[in-house]
Structures are given as structure tokens and as C-alpha cells.
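Just so we're clear, the structure is a prediction, and the values are computed from it rather than from any experiment. Letters A, B, ... are given to chains in the order of the sequence lines, protein chains preceding strands, and every chain is numbered from 1.
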Amino acid sequence: MKQQIEGSQAVAQAVALCRPEVMACYPISPQTHIVETLSRKVKAGEVGNCQFLNVESEFGALSVLIGASAMGARSYTATTSQGLLFMAEAVYNAAGLGLPIVMTIANRAIGAPINIWNDHSDSMAMRDAGWLQLFAEDNQEAVDLHIQAFRLAEELSCPVMVCMDGYILTHAFEEVDLPTQEQVDEFLPPFEPVQVLDPQDPVSIGAMVGPEAFTEVRYLAHHKHLQALEAIPRISQAFQDIFQRSSGGLLKLYHTDEAETLLLALGSVNGTIKDAVDDLRAKGWRVGAIQLCSYRPFPLHALRHVVHNAKRVIVIEKDLAVGNGGIVSSEVKLALQGLPTLVDTVIAGLGGRPISKAAVIDTVKAACLEGLEEPHFLDLNWVAINRELTRQAEQRRSGPTPENLLREVGSADWKTG
Amino acid sequence: MERKPFAITLDPTSSLANHTGNWRTMRPIYLDHLPPCNQGCPAGENIQGWLYEAEEGKYEEAWRKIMEENPFPAIHGRVCYHPCETVCNRGQLDEAVSIHSVERFLGDHAIEQGWQIEAGKATGKRVLIIGAGPSGLSAAYHLSRMGHAVTIYEAGPKLGGMMRFGIPQYRLPRNIVDAEIARIEAMGVSIHMNRKVENLEMAIKEGIFNAVFLAIGAHLSKRVDIPSPDTGRIVDALGLLKGMEGKEVPKIGRRVVVYGGGDTAIDAARTAKRLGAEETLLIYRRDREHMPAHDSEVKEALEEGVLTRWLSMIRQVDENVITVEEMKLDEKGYPQPTGRMETLEADTVILAVGQEVDTRFLQDVPGLEISTDGVIQVDDTMMTGRLGVFAGGDMVPAERSVTVATGHGKKAARHIDAYLQGFHYAKPPSNSVAIFDRLNTWYYTDADQSHQPYLDLARRRASFEEVVGGLDASTALLEARRCLSCGNCFECDTCYGVCPDNAIIKLGSGKRYEINLEYCKGCGMCAEECPSGAIDMIKEIR
Amino acid sequence: MSYQRIKFYQTGTFTVGNRLLEEGERTVQAQKDRTNSLNSGHRACQGCGEALGARYALDAVMRATHNQLVAVNATGCLEVFSSPYPESAWQIPWLHSVFGNAPAVASGVAAALRAKGKTDIRVVAQGGDGATVDIGFGCLSGMFERNDDVLYICYDNEAYMNTGVQRSGATPARAWTNTTQAVGTEPGNPMNVGKNLPRIAMAHGIPLVATASVADLHDLETKVTKAMSIRGARYIHIHVPCPLGWKSDPAETIKVARLAVESGLFPLFEAEGGVVTDRTPIRKQVPVEQYLVLQGRFEHLFSPRDEQALAAIQAMADRNIHLYALLPTEPAMGT
């Protein structure tokens, strides 16, 4: 049923339709509306016999789910940013143990400086933890990916993060087609764990593994992701068969045929990018766009197949590998190695800075006409940067950089476009 | 199962493939150490062993275990001075286990129940025993169990020797003596009373005996040379006690002096008191500390009103008066005269200064050696210089007590048996003694000794009723359970419990435990914690 | 003490079993068919108190729950020595996640069981003192305050032994560890530091908090059994000597534990809803010195003798004895 609904509410409804059995949550902006809604639904008895635990930390939250999942319960939580890092040890552990937990990441920047707005630094920090990471473009897709995520996780026995941009999606009211319980039940079979804590059939889960088998264990985790490359499109198709709409998959393409320049991004910025592509194409630019829906596993072959005729790929990413540059673009370069295709890295939208259609268009033009420095920081305030660098060079105790910059930005009367 | 994640998920108890036993440098072994009580028992009883049975209320098993070593539990439970209790480790914890009272309970219970012992399968060998005292009867009993045909020649009209003629009834009721001897008679021992052997060689030849055990005891009272115009006022203690077994009660005076410091002196004094003496004075040349009599006997005598005069020697006995000289002890504890004399009133003087063996009938036996103090020399098999003739009890050099004599009877029986079969009996070596330090006493419950009931004093002074009563069944059970089982496993499961490696296998009731050497790491916790010290750690040899 | 000691049976209820006791009065450990939840072949050091304590506790839980148990384990010695690939010593369903989250993982297991309506299956979480009082304390406190249906057992060997003997928040005053070396003006761990986790657990007002020792099996099993008769968050803190870290004789593990109890340094008590309701009296009080001298980690207190430190530690024991009324109020029963 289509309705105007906040992203968080919509996701909460979708999660509830998946009949979770245990949820453990710790509040952190901008994830709060999801867990608030779920807690209400559980308490109201709308989610069967589901247990909702208010825990003492994100580390505790995911730890609770590790236990619950090992006990064979469908398990869910949501977090973001600092919370994801605080649970980092458990994040790796859940994947290592092959527990099919589903977790929403309401993507947000990581401090310091503390910042509650959107970028992808948090889930990128966990990219090698062994979880599948699916990125939603809009709230409809966020809803749909959660439903697919449970099926994917449980089929592979591998945890899945569904990443949706904090505030941009979580707090946005949009029209969303919420599925019915019957549809979800038809799509999502009951959880049948590959292993479970059972007094009738006791096993020891979580052994210490030494050099003699650790590499094999890691390979098998990798192999699981290789299997996911096949499973993700299949499950997306199965979803479409029942729900009559396309959601998820590895990549989503927008005018990629015949395109000389391709824009590539994760998450909600793809809406802006598609608008920019439309404008550029209207002016005769041979431009297309790729939405990277599955970041983990990274669809190397699918991407190479789509891109191999293009001259240039511009990766717009909301993260930064400090000291290196683009995280996503590095992986795109890996996918395209040996091809003559140029790959540009555009670092954009950090800490919630808006990415405007105009800026995207300007960047595409600049890249095609002049080329971009590597990496390119979108809308960087060089005035403020240079003054701070000068100050730091002049005196050792130059004061806190973030505060200096804030002051600088205010006094310079500088605004983002 | 195949779908279980590789390496991270493991099958239960798969660690059994890891044999940690190869870490071990020491290994535990179960050993039955010799409990001090057993070591201290002159009759060689396995006290810990029969207490173990009694602890479970298995009284017949317990009694039969005593009977393997000693045919007189009811008697020993009363008259043995229980050296076992002196050395009992529990004495260092709170109070020694009252072994004798449990033994007495078992002995009395067996008499009530009419339990009997079977003679062994007949061997066709004939053994003559001369004397039906504790050692003779003990030897007869053991030899019968071994299947030998036993004949006893007893010079007197009654059986029991010193058990009947030396120990007063108030300590040892005669029905008890009769019952325990009757049980031996019932085994088929041929007993001839009033048969005094005058010529040993002749007796052997006539009876076609294959071996002989001499056990005539020491029945001649020693005399001391005290000037006296009227020797009739001086009687010997043994005569008095023996007289108590006759039809007529011996007559004594109003004021009685008993001279001596041994148990016989005490027995005589207490008997005199019961015979109506108004005043019974015990005179001894040393002090109480140096008295050979057992303290409990002295204590009971004093309770009954026996008076004492230490450090005194009788120098002269006159009509109604005796003269005593005060003595003092030198550095070595010997009494030395002081020259200070005193006279005391006395109607009767009872001498209790020791007994001697009547060896006259042995004078002509070839090879037999009689030492200057009148006892028969025997080798460590208890055989005399005459082949096939053994001797024991009070007539050989040893402490003179019913228990020692009973032990001699058993020991002699074993050697006689071996002699008859043509081999040498060697006592199996026992393990080291379970000293107190071996024990882990924390585990034992605090429990005071059970006390036997005493006859009230007024009746003690006036009658020959038994002074000390027996324990009832429940008290005897509790007392048995005070045993620490020193050096011997009593299946408390502590080793089984404390092993961090589950490397001890519990075999089940009565079967104890086994070390699983595949997993035992040799930490030694079982040995350290074993309450009774029944586990040793020994060096592992691979 | 929440059960009546049996007297007069040679050892009464002090030994593990006793053929003279009724079956029901013997410990679970005395049973021929005990579970051996932690089985042979594990790689704990010789004389490991933790291996022993774990089997004691879990076998009792198994008995109490008719074998309906799931165990969660924090990282630490117990986890490492019991489950190195390819061999596990566990005979029970067992889950290890990470160092600091065992209480939360157990909460999750309990929640799953509740969701599935399988509340006959019970959950135990276990960890060493580091996992409990330090790194896992946040999760533990959360589990307590939510009153999740979990029994948490801390095996306290008073330092980080798995990593090679470093100080934890449960390391006692003046003890040597590799991070509180026996050098300087106050050798060993400083005085007046560290956490008393049983008291902290009590402050959560949970249904049951108890301390136990591998030296008193009957007491330990009684407490564990009682804990399994209660729903909600329960905490049992078991004192388990570590021969490696305490530099004590492996054979003397139980002896050392016993002296900790008998000296008053490790009080055995029980608290319900935050209030101390019972204590196990000391049988034969000993000075703390008898306990300390058996352990190399306190060697520096004796060469030369540090009278001040010894007196201070004795004062700690005396305070416990007073606080928990550890001396028997009635004289030892006689016949």
C-alpha cells in the first residue's frame, strides 16, 4: 500500500513484516526513529513474540544478536557512525561466526569532530568485516532491501548491513509502497539456521583457530561473498516476481549504453546524479550513471562489463581514505584494471555537506574538459584551508582545527553552492 | 552436520583426542598405608578395616574381619588397654576413636546373634596346645580355621587362663568369657581340662602330635622378702583373684594394704574394696607417674575409694601393723631409701609384685632354652629350641597382656601352619605408616568421642557388676564413623571430584577408583586433597 | 550457608561424596554419571582452578536443568584451553563470541529462547575476572539491570592469566603481576584499589548474588542449584586459584582456595535482592599469612617481612569476618 511516510517509519514497518524474533537497540541519531517505532510495535504486540531489548551500548546490542542468532532467532538492529565503530569487534565476530543478522546503518560521519550528518565513513570503516553491504537509493529501496536482506543473510548464513543515508533518507517523508504481510511471507521463508545452540545436539561455536586453518576460514568467508554475487541478483529477481517492482541487485544502471562518461555512486546521491545526467544528456553530453547497490560483495566483473566501453568513470563518494583518497574509486580502478578507462575520484558530501546537481554537472564538465586532480574534493573551501595551514605553520599551539575552521568559515562568509 | 561452519564450530567432546597424559612427570597411585591403630594392635587386627565395615552398619562383616585376627572381640573390647587408641591419629584432631567400645559392641552383638566361625578343611595334621589361656585358645582357633586338628591340655578346671583368673568380673563378666571360648570349642577343638602335662616328649608321642604350642602363662606369684612373724597375713594378689572364681569368697581383713603398682595390684585393691574392706591402701615404691598400671584403672580405683601411698616400701609386717620406709626417686627414676620409717595399721597385706612361669615340666626337653628370668626363648617364628615346639603368651619374653597373648596365638598358628606344610611363613610387608601429616583433616567432621556409660559409684564399691557399659548400636555406629580411615581409601569421591582433568574413573561402590593415565596431567591435586592420605605421587618413568 | 551440613558421617558433607551419605546428600561431582560438561583433553595447566570450577558449576547446572543448558563463554583461559581447533572439550552447547560481551550474548540467547517459547532451556554466561570486572562490565551491568534470565558465573583468578598474568580490577592488594611488579617502594599491586564485583552486582538489586570457592564444593553446588531455581539475572563469583599466575603448587590449588576462605579474605556469602541473606561460616580461622605464604606472587611480603602490608591484609580479612559474620555463632556440634 502506497503511503507518505518517513523513511525510518517505513523501514521499521518493513522490518516488522519480516517477523524478527529478537531486536536489541541502542539509540543514536539518526537511527532513533527506526528503533523507537520498532519498540512501540513490539510492545503493542504487533510483532508476534519478538523480544526488544534496550541495551547499554551498540557493542551490547550486536552481542545480544550474536547470542540470539546463534540460538536460531531472526535478529535485527540498527545503528550508525560512532555506534558502528563501538560495536566493531562484534561486527567482525558476527560475520566470522556466520550469523545472519540484519542491521540498518543510517549512514553518518565519524568524529572527531563530532558530526551527526550523513556520509559513508561508518559503513566504509566496516567494509572488510565480512558483512554484505547493500546501499539504498531511496526509501522504497530501503524498505525493499531490508526484506531481501533477511532472505539473503539467512540463505548464505552471513550478516547484512542495509545502508541508508542518515537524515537524507531516514528522516525524509516520501511515498513508499509498503508490502503486505502475505507478500513478505511468500518471499521470506522461516529462518532455518545452519547451526544452532541445541541441548539435544550440542556443538561448540566460536573455536580458536590457529595458523593451520585460519586462512581457510577466511577464504570461506570470501567464498560466501562470491556466492552472494550470484544470490543478490537472483533474490532481487525473486523479489520483483512477487512485489512487482525492481529493487536491489548488484548495480543499477542509468543510460549507461553508449555513454562515454559514467558517474558512479552509492546511496541517495544517485537521485541528484540522475537529474544531472538528464540535464547533461539534454545538452548532448554522452553521460550515464551507475548506482552501486551492493558494495560488499564488490561486483568487480559486473562493473567491468558495464563500464568497459566508457572513456571515463567519475566516482562520487561520501568517504575518504585519509592519506590515499577514494575508497570506492580504488576498487573501481581494480575492476577496470587493464582497460584504458580513466577513473576520477570525487570526495563529496562529507559530514552532511549537500551535493548539488549544479556541482555534479560542473564536475563532469571539468573532468571531461580539463581533467580533475586526484582526488578531487567537491566544493572545498581553499581560503579557509590555506589560512589554517598558515596559522599552523606560524605557531605550534595554533588551537583546535575544527573550531578555527568554523570561525574561518563564518568570517569568510563562505557558503556552499 | 556438514553445513556446520568449518573450524569455528566443533563437535562436542572432541578433545578426547588430545591425550594430556603425556604432560605428566609424576603420577598418582592409590596405596593402602598402614594405619597407626593397625600398627599398634598387639593382636594384629585390621582395625581400620573392620571399622570401615562397621561404619556402614555391616556389623557381621566387621565382626568377621576382627575374627580373622582375634577370636575374642567382646573380651578385648573390655580388657585390652587399646594401644591402638594411644596412637590413633584422630587424637591429634580432637579425641581418639573409641576403638575398644566399638569392638566390644561388635563382640557382644555377635554373641547375641550367635554368629559362629567354621573350621577349615581338614589337613590331617594334629597340634597339641598346652594351656587354655588367651594365647592357647587363640592359637587353637586359628589352627582350626586352617584345618588342623587341635587338642588342648589345660591343667586347671576352667578355661580362659588369666582372662578368668586374673581379671576381675567387674571388668570382664564371665558369661562373655564363656561365650567367646564356647565358640572356639564349637569349631571342634578337643579340650581336656584338669590335664597337667608332666612330660612333654611323652605327651607328644602319645598323642601323635605334629606340633606343639606351649601357652601355660605365668601363674606363679613372685614373693618379696619382707620380715614377718605371721606370713598368713600376707596373701598374693593372683591367689586372691583366682579365689574369686571358687565357690567360697576369700576372706580379708578390715584394713587391707595392697603392695605393688601394676594392673594386678589395682585389680586386687578394687576387689578388696568390693569384698568389704573398709580401708584399702595401695602402697607403691615409686609415684603415680611411674606406675606401670594403666591410668584408667588407677582412676577408676581412686573413684571407688582406694587410698594410695606413693614412694613407700614395706619393711616389716607385724600383727595389725606394717612398717613402711619413705622412698625418694633418683635421677633415673629408681626409688632410693630415705631411712624415714612409719607404721601403718593393716589386717591383710596383698602382694602384687609380679608373676613367674612354672617351667618345671620343660626341664628335660632337648634344645629348649629357659632364660634366667624363667621365660622360654623362642625365635622369630615363635618356635623354641625344640623343633616343632612353639611357645607364646606370658611364658615368652614380651609384654604380658591378654592382647599380646592373643596376638602370639595367631602368630604362632601361622608359623605352625607353615611348619606343618613345610614352608616358612613370612608376614607380607606393609606399606609405610599413615602418619597424621598424610591426612587432610579439613574434610573430617568435628565430632567428639562417644562415651561409654559407667555404673554409679555406690554400686561399683559394693558389687562385682561390670563397671563400664557398652555403646548402643547407634552410638557405636557414630563412633565407628569417627574413624579417619588413615592411609586407606574410604570412597569419599574427593579424588574423583577434584581432578581438573576428569582423569579419575569411579569404578563404583566397593571398587574404588582408577587413574585414567591418558589424561592425568600429574598435578597431584588428588593426592594433596585425599582426606586419608591414600594416594602417593611417584615419578613417571617412560 | 543455605544447606545443612551433615555431621558425624566421618567427613559429613565436606568431602566430594561419601558412601555413608544418602545419595541426595552427595555432590553432583560424586556421581558416576555426572555430565563432565568440560571433558578431558582440555589444555588447562596442571592443577587449574578455573577448569575445576567450570566443571563444578556447569555440571550442577546440568543436573538442575535436566541437561537443558546453553553456555556462553567470554574470551580467556577457559575459552582458549577448552576449544582450540580441531578439538572442543565441551559436552554442552557452547558459544564463544569475544572478550567483553559474554553477558550480552547470553542475554540474546535468553531472548531468543523467550521468543521461541523454549524457556525450559536455561542460559549460563561465564568468564574470568578480566572479562567480568573489567572489559565486560558494561554488558554485565546491562544484563543485570534488565534482569535478563541469565546466570553469570565469574571464575576469579585475580588477574589476566591468558595473556600472561597482568593486573585486573580483581587483583588483590600487593599481589605481583607482570604489570604490578614486585619492585619500587610499594611492590606489587597497590593497596585500596580494585573492584568488589559481588557488591556491585548486589547494588543492581538482582535476585541472587553469591560467592563460592572451589574449596567448598557442597556450598558451590548448593548456590548454583539455587540460582537455577530462580528466574532473572543471577551472579555467582567463584574463587579459582591459578597455579601459574599465583606461583603456587598445582597440587595445592584447592588448599590455597581453602585458606582464602578460612582466612576471611574470600568471604562466602549470598545476597538476595541486594541484601546479604546468608554466609558460610569459617570452619577453622587461619591468619592471612598462611594463605599468602603459599603463593609466589606474595613472596616479596616475606623477604624481608613486610609487617605493615601483612597487617593491612589481615585487616581486610578481619573486616570481611566482621562484615559477613564469618565466625560460627555456635560452637562446633558435639555428640
Side-chain touch A/Leu197/C/Val109, heavy atoms, less than 4.5 angstrom: yes
Out of [options], which one racks up the most heavy-atom pairs below 4.5 Å with chain C?
{"options": "A/Asn49, A/Ile66, A/Asp198", "answer": "A/Asn49"}
{"options": "A/Cys50, A/Ala213, A/Pro199", "answer": "A/Pro199"}
{"options": "A/Ala61, A/Ser75, A/Ala70, A/Gly72", "answer": "A/Gly72"}

Nearest non-hydrogen partners of C/Tyr85 and A/Ala207, listed with the distance: N-CB, 4.4 Å
How far does [atom1] of [X] sit from [atom2] of [Y], to the nearest 0.5 angstrom?
{"X": "C/Glu87", "Y": "A/Ser204", "atom1": "CD", "atom2": "OG", "result": "11.5 Å"}
{"X": "A/Glu56", "Y": "C/Phe137", "atom1": "CD", "atom2": "CZ", "result": "10.5 Å"}
{"X": "C/Glu145", "Y": "A/Asn54", "atom1": "CD", "atom2": "CG", "result": "8.5 Å"}
{"X": "C/Asn101", "Y": "A/Asn93", "atom1": "CG", "atom2": "CG", "result": "6.5 Å"}

For [range], give me every residue with a non-hydrogen atom less than 4.5 Å from any non-hydrogen atom of chain A.
{"range": "residues 43-53 of chain C", "result": "none"}
{"range": "residues 90-98 of chain C", "result": "C/Trp90, C/Gln91, C/Ile92, C/Pro93, C/Trp94, C/Leu95, C/His96, C/Ser97, C/Val98"}
{"range": "residues 66-73 of chain C", "result": "C/Asn67, C/Gln68, C/Leu69, C/Val70"}

Chain A contact via C/Arg146 - which portion, at a heavy-atom distance below 4.5 Å: side chain
Contacts of type side chain to side chain donor-acceptor pair (under 3.5 Å), residue A/Glu21, not counting sequence neighbours: C/Lys116
Per-residue contact mode, A/Val22 against chain C (heavy atom under 4.5 angstrom): side chain
For chain A, the option from C/Ala112, C/Gly138, C/Ala104, C/Ser88 that forms the most heavy-atom pairs under 4.5 Å: C/Ala104
Option in C/Ser82, C/Gly142, C/Gly117, C/Ala111 with maximal non-hydrogen atom pairs under 4.5 Å from chain A: C/Ala111
Test side-chain contact (heavy atoms from CB on, under 4.5 Å) applied to A/Val64 and C/Asp148, step by step: CA-CA 11 Å; A/Val64 164; C/Asp148 290 334; over 6 Å; no
